[in-house]
Amino acid sequence: MQMRLVLAAVAAVAACAAEAKVATGTPFADNMVLQRGRSVPVWGVADPGEQVTVTFAGQTKTAKADAQGAWRVDLDAMPASKENRVMTVKGAANAEAFKNVLVGEVWFASGQSNMECPIWGSNPRYRDGKGGIMTQMTRRPFIRYAKNSRVWSATPKTDWKAVWRDYSPESFRAPNGYLSACAFYYALELYGALDIPIGIVDSSWGGTNIDAWTPRAGYANHPELKDVADYPVTANWDKSMRKGPIGGAQQQPTVLWNGMVAGFAPYAIKGFIWYQGCHNNGEPFRYCDKMHALYDGWAKEFENPDLKLYFVQLAPYAANWFNLQQAQSQFAAEEKNASLVVTCDSGNLADIHPNDKEIVAKRLALHALKQDYGFADIVDQSPTLKSWKVAEGGKFVLTFNDATSWYVYNADRSPAQGFEIAGPDGKFVPAQVVNKMVGGGTYEGGAELVVAAKGVTTPKRLRYLAEKPWTGALYAFNSGLPLGPFEIDARVPGENRRGPAVKMDAALAIPELAGYRKVLQANLPAGGGFKNAGYSFDETAKAGAYSRVAYVLELENRDGSVDWAMASMDAFTDEAARLGVPAVLNTFYQQKVAKLTVRSNQKTVTEVTDFDGGCIEFFNVNYGTQKGLPDVGGSADVYDFNDVAHPAKDGKPGYGSMQVHNWKGGETVLAYNCFNGGCDVGLGNCPGKNPDWTFASNGGQYRARRLTVLVK
């Protein structure tokens, strides 16, 4: 017997030792649904050595409780049955009898607020649009649901019982707690297609991260998540323990698995549906790894190596999810038992909780019907990129899986929007599908799409739905499923680099930094704002006397290579503690600097030595495009190397800027902006409108962003 079950049993035995009665685990209650077609574990606690007998559907199984009081039997696989039968569990002194037990298909529904969003409720901004109708008219006695309470726990919690209800207006009334709308419709779709009992368990909690839902076992084969696995989970959490996406007690790794799911494992289930990601948007390049850990942990704990996971890609909203959406797509491509639902056509830019959950659930159900239930003719996958090439005339020619041809559907049947192409300068401009459009908004060319941008004759990059409004209206003709966000990079690796690709720390070993000593190092967050905790190294108190200061910004790309720039200059303050990010220091430096030296592995950054044309803009306030220094030049129309600061009258911090410039060359050397949200980072001039990277909001495109401060 697994150690997890033994430990769970010990806790339960302690709770019921005074009565010395046999007891069953969390899932076992009246009205439950058991999984068909696979062995069904039934478990619980009793006195050590006590014999327990389980009887159901003509089967009788016995087990003897071990030294800790834990027992378990496994019922043989059963066919689906709508017959309401009784399961009995009998010990030496007592018995339990569970009534109205069905056999069918069992699924879990989990995630954050868009999974939790109820079928109906008191908040019109947080419920399904048709839920008021559906909860009045839906009577499906062979669909049963369990809605788990919001509970977090530092250790696995097994001393609670599920409450199973049928689909009926009486069940859906308060105070029972409204079922997740996604779960409601998903079960309804499966029942309509299969005509067998369906069980759905709703364990969801708004505003939660993926880490909290991941069982400890999920981290076993993921050393890249060691920092998450090693987080000191505690029942006495306080604000000083904030780290990354962990901003509250219920966001600690494992705690929602412990409190809301662990009690069900290893209940026999087919799989789980998942809708989450907003809370982890600040770390998109870790999300694929975290999805693997989540899946691995659930599959292990539910003892089901073929456990299915069908999950929802984030829908358009006022925030940019593009990089996290790419991570979701990557995981779907890597995990054979997982599939992704694209929702780029069903978001709401004014509300993070779109109220049409039925379309989401129908697309989730497509995966199950095709992959699990024998509906071979269904096309369940949204189109994905199969191949691409750059053709004559600067056109991208794209082919796709799961698309025979294309059509556009939106209010005015206009051509597909959302494509962008960048040339060698890296600046993205709007692009168009150039396939001929025929009647009804349908494109010629079959599965192939040809995309081009006016004025870009040498295309280097293409992306789709990376910029606001992020809403797609391009569909595969054969399925009616939308094309989701994706990108293509046609650049030759390192074509803008001086020398070969390098890794982190290479920049710190350049000859120009000989004799310098490191005083600060910070892993810059892609989102969520910079805090003191952002410093992974701080020896400013030991800095001693110095006359030179150097800043090194390293940006790790998706392929693991690192772009970097170093700027050193004569010291502009003798207080080492005031050399760091202005976010927490409330420092203000906007001035020329002497003897600027610049080195970079990027050809777009001009290298200089002891140059007299350098300046810095370090401040923790808002700023405008107007010129802030009288004799430095710059433009009054764009954010560049000479802007004007606008301190708030109430003294509160603002957007923030930490920039080093070669103002005589009209060039930004390195920049880190926006200390209170999604950050901007860059080397050289930004190819967009603002050369100093203001409003670029591009921090999430890098796997890591590191700033190091050195003195000499």
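What's counted below: heavy atoms across the whole structure, side chains too, no hydrogens, waters or symmetry copies.
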_Testing the 3.5 Å rule here: is there a donor-acceptor pair between the side chains of Arg548 and Ser568?_
yes
*Sequence neighbours excluded, which residues qualify as side chain to side chain donor-acceptor pair (under 3.5 Å) partners of Ser635?*
none
*Using atom types as modelled and distance alone, determine if a side-chain donor or acceptor of His279 lies under 3.5 Å from a backbone N or O of Pro245.*
yes
_I'd like to know if the side chain of Thr708 pairs up with that of Gln521 as donor and acceptor (distance under 3.5 Å, no hydrogens or angles considered)._
yes
*Kindly write out the residues that satisfy side chain to side chain donor-acceptor pair (under 3.5 Å) with Lys454, not counting sequence neighbours, or none if the list is empty.*
none
_Please check this pair: side chain of Asn642 against backbone of Gly633, looking for a donor-acceptor N/O pair closer than 3.5 Å._
yes
*Atom of Cys344, atom of Pro316 and distance for their closest heavy-atom approach*: O-CG, 3.3 Å
*Should we count CG of Asn221 as having more than 12 external heavy atoms under 6.0 Å?*
no
*asked:* Given 3.5 Å as the limit, does a donor-acceptor pair link the side chain of Arg216 with the main chain of Ala229, or not?
replied: yes
*Establish, yes or no, whether the cationic atom of Arg463 lies under 6.0 Å from the six-membered ring centre of Phe486 and within 45° of the ring axis.*
no
*Step by step, would you call Lys603 with Glu495 a salt bridge (Lys or Arg N to Asp or Glu O under 4.0 Å)?*
CA-CA 9 Å; Lys603 295 177 182 177; Glu495 64 183 353; over 6 Å; no
*What are the two closest heavy atoms between Pro232 and Gln252, and how far apart are they?*
O-OE1, 4.0 Å
*Start with the C-alpha distance between Tyr535 and Phe530, add both sets of side-chain angles, then the distance that settles ring-ring contact (aromatic ring centres under 6.0 Å, His included), and finish with yes or no.*
CA-CA 9 Å; Tyr535 289 115; Phe530 186 92; 5.3 Å; yes
*Do the two ring centres, one from Phe311 and one from Phe331, sit under 6.0 Å apart?*
yes
*asked:* Do Trp388 and Thr399 pair up side chain to side chain, a donor and an acceptor below 3.5 Å, judged on atom types alone?
replied: no
*For the residue pair Tyr589 and Phe619, is the inter-centroid distance of their aromatic rings smaller than 6.0 Å?*
no
*Pair Gln330, Glu334: side-chain N/O donor-acceptor within cut-off below 3.5 Å*: yes
*Kindly indicate, with the supporting measurements, whether the criterion side chain to side chain contact (heavy atoms under 4.5 Å, CB included) is fulfilled by Arg703 and Asn557.*
CA-CA 6 Å; Arg703 294 184 65 91; Asn557 298 297; over 6 Å; no
_CA sep, side-chain torsions, deciding dist, call: Leu707, Met658, side chain to side chain contact (heavy atoms under 4.5 Å, CB included)_ = CA-CA 11 Å; Leu707 179 70; Met658 189 174 190; 3.7 Å; yes
*Check the pair Tyr219 / Asp230 against side-chain hydrogen bond (donor to acceptor under 3.5 Å, both in side chains), numbers first and verdict last.*
CA-CA 10 Å; Tyr219 296 114; Asp230 289 346; over 6 Å; no
_Could you go through Tyr672 and Trp693, starting from their C-alpha distance and side-chain angles, then the distance that decides it, and tell me whether this counts as ring-ring contact (aromatic ring centres under 6.0 Å, His included)?_
CA-CA 8 Å; Tyr672 167 44; Trp693 301 86; over 10 Å; no
*Might you work through the ring-ring contact (aromatic ring centres under 6.0 Å, His included) test for Phe695 and Tyr655, ending with a clear yes or no?*
CA-CA 10 Å; Phe695 301 139; Tyr655 193 82; 5.3 Å; yes
*State whether Lys712 and Asp570 are salt-bridged, where the test is any N-O pair (Lys NZ or Arg NE/NH1/NH2 against Asp/Glu carboxylate O) under 4.0 Å.*
no
*Decide whether a cation-pi geometry holds between Lys518 and Phe537; the criteria are a distance under 6.0 Å from NZ or CZ to the six-membered ring centre and an angle within 45° of the ring axis.*
yes
*Identify, with sequence neighbours excluded, every residue that meets side-chain contact (heavy atoms from CB on, under 4.5 Å) alongside Glu392.*
none
_Test item: Asp692 side-chain N/O and Cys686 main-chain N/O as donor-acceptor pair under 3.5 Å_ = no
*For Thr208 and Gln251, does a side-chain donor sit closer than 3.5 Å to a side-chain acceptor?*
no
*Answer yes or no: is there a donor N or O on one side and an acceptor on the other, between the side chain of Asn320 and the main chain of Ala466, under 3.5 Å?*
yes
*Is there a donor in the side chain of Tyr295 and an acceptor in the side chain of Asn337, or the other way round, less than 3.5 Å apart?*
yes
*Do Gln112 side-chain atoms and Tyr275 backbone N/O form a donor-acceptor pair below 3.5 Å?*
no
*Decide yes or no on side-chain hydrogen bond (donor to acceptor under 3.5 Å, both in side chains) for Thr668 and Gln659, but give the supporting numbers first.*
CA-CA 7 Å; Thr668 296; Gln659 303 169 2; 5.4 Å; no
*What residues form a side-chain contact (heavy atoms from CB on, under 4.5 Å) with Gln602, not counting sequence neighbours?*
Asn496, Arg497, Asp563, Ser600, Thr604, Val605, Leu683
*Is it true that the side chains of Asn401 and Thr384 contain a donor and an acceptor less than 3.5 Å apart?*
yes
*asked:* Can you confirm if the aromatic rings of Trp298 and Trp213 lie within a centre distance of less than 6.0 Å?
replied: no
*Side-chain (Asn673) to main-chain (Ser657) donor-acceptor, under 3.5 angstrom*: no
*Pairing of Asp425 and Lys427 as salt bridge, 4.0 angstrom limit*: no
*Side chains of Gln590 and Glu617, donor plus acceptor under 3.5 Å*: yes
*State whether the side chain of Asn209 and the backbone N or O of Cys278 hold a donor-acceptor pair below 3.5 Å, judged by distance alone.*
no
*asked:* With side chain to side chain contact (heavy atoms under 4.5 Å, CB included) as the criterion, how do Met569 and Ile616 come out once you've worked through the C-alpha distance, each side chain's angles and the decisive distance to 0.1 Å?
replied: CA-CA 10 Å; Met569 63 208 73; Ile616 58 173; 4.0 Å; yes
*Shortest non-hydrogen separation from Leu309 to Met291 and the atoms involved*: CD2-CE, 4.1 Å
*May I have all residue pairs that pass ring pair (Phe, Tyr, Trp, His ring centres under 6.0 Å) and include part of residues 551-570, sequence neighbours excluded?*
Tyr551-Phe618
*Are a donor atom and an acceptor atom from the side chains of Tyr623 and Thr694 found within less than 3.5 Å of each other?*
yes
*Might you work through the side chain to side chain contact (heavy atoms under 4.5 Å, CB included) test for Arg558 and Tyr702, ending with a clear yes or no?*
CA-CA 6 Å; Arg558 297 185 182 186; Tyr702 298 103; over 6 Å; no
_I'd like to know if the side chain of Arg517 reaches the main chain of Leu710, judged simply by a donor and an acceptor atom lying under 3.5 Å from each other, with no hydrogens or angles considered._
no
*Sequence neighbours excluded, which residues qualify as side chain to side chain donor-acceptor pair (under 3.5 Å) partners of Asn280?*
Asp211, Gln276, Glu283
*When you check the side-chain N and O atoms of Asn698 and Arg705, is any donor under 3.5 Å from an acceptor?*
no
*Determine the interplanar angle of the Tyr317 and Trp321 rings, folded into 0 to 90°, and report it as parallel if under 30°, tilted if 30 to 60°, perpendicular if over 60°.*
parallel
*Counting distance only, does the side-chain N/O of Thr471 pair as donor-acceptor with the main-chain N or O of Pro469 below 3.5 Å?*
yes
*Can you find a side-chain donor-acceptor pair between Asp680 and Tyr639 that sits under 3.5 Å?*
no
*For His222 and Asp296, does a side-chain donor sit closer than 3.5 Å to a side-chain acceptor?*
yes
*Can we say Asp505 and Arg706 salt-bridge, meaning some charged N sits less than 4.0 Å from an Asp/Glu carboxylate O?*
yes
*asked:* Within the 3.5 Å criterion, strictly below it, is a donor on Ser329 or Gln313 matched to an acceptor on the partner's side chain?
replied: yes
